[in-house]
Each structure stands twice: as C-alpha cells, then as structure tokens.
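Step one of this worksheet: look at the structure below.
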Amino acid sequence: MSAQTPAELELAQLLVESLNLDGVDPAGIDPEAPLFNAGLGLDSIDALELALAISKTYGFQLRSENDDNKRIFGSLRALSAHVEQNRTT
C-alpha cells in the first residue's frame, strides 16, 4: 500500500463519514485500491452519496453522465486528483 497524501486523507475521511463506513480507518484506505467491487466494496448508491458530499464540501458537481466517471471513481488517488483539479472551496 502506498502512503496517502494529505488531500487523499481528507477525502478518505469524507468518504468514511458520508457513507457511514463503520470500522473503516480513513488512513488505512489504500489510495490505489479500487473503491468499488473488490476494493472498498462500494456500489452505485454509495457513488451518488459520495458525489453529493463532494459537491457540498468542495463546491463542484460530479455528473452521472460524465464518461470519465469510471476513471474518476477508480481509486481514492484518482478521485482525489479530480477533486483537487476542480474544487472551488
């Protein structure tokens, strides 16, 4: 597992809190592991909830029709990079 950056840790904390992932340590999330299926085991409902939390926290919308969503939500590292590029707050 590679080390999380401060931005990745901040996003991991938001992920754990917004999805009520009891027993998951934000610092223990591998930033390169998949968020869905074999990784954290998130599903499409979790993606919607996470997108809403990101919108409220970082001030930009993640659109469901975006063709890049599979890449964006591929891992904590990919999602964090997207957030850092697009955040307004």
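By convention here, the first residue in the shown sequence is residue 1.
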Distance col, row Ile72:CD1 vs Asn69:CG, nearest 0.5 angstrom, shows 5.0 Å
Contacts of type side chain to side chain donor-acceptor pair (under 3.5 Å), residue [X], not counting sequence neighbours:
| X | answer |
| --- | --- |
| Thr5 | none |
| Glu17 | none |
| Gln13 | none |
| Arg71 | none |

Smallest heavy-atom separation, Ser2 atom then Pro31 atom, equals O-CD, 3.2 Å
What one should report as the nearest heavy-atom pair of Ser18 and Ala53 is CB-CB, 3.7 Å
Is there a side-chain contact between [X] and [Y], using heavy atoms and a 4.5 Å cut-off?
| X | Y | result |
| --- | --- | --- |
| Lys70 | Phe36 | no |
| Pro26 | Leu9 | yes |
| Thr57 | Thr89 | no |
| Leu62 | Leu52 | no |

So salt bridge (Lys or Arg N to Asp or Glu O under 4.0 Å) across residues 21-50, not counting sequence neighbours, yields Glu32-Arg77
Across all chains, not counting sequence neighbours, the ring-ring contact (aromatic ring centres under 6.0 Å, His included) partners of Phe60 are His82
I'd like to know if the side chain of [X] and the backbone of [Y] have a donor-acceptor N/O pair within less than 3.5 Å.
| X | Y | result |
| --- | --- | --- |
| Ser75 | Ala33 | no |
| Gln61 | Ser55 | no |
| Asn37 | Leu42 | no |

Original post:
Taking it one step at a time, do Leu15 and Leu40 satisfy side-chain contact (heavy atoms from CB on, under 4.5 Å)?
Top reply: CA-CA 11 Å; Leu15 189 151; Leu40 278 180; 3.8 Å; yes
Residues at least two apart in sequence or cross-chain that pass side-chain contact (heavy atoms from CB on, under 4.5 Å) with Ser80, listed by chain then number, are Ala7, Glu8, Leu11, Glu84
Q.
Using the rule that Ile, Leu, Val, Met, Phe, Trp and Tyr join whenever any side-chain heavy atoms are under 4.5 Å apart, tell me whether Ile54 and Val24 fall into a single cluster.
A. yes
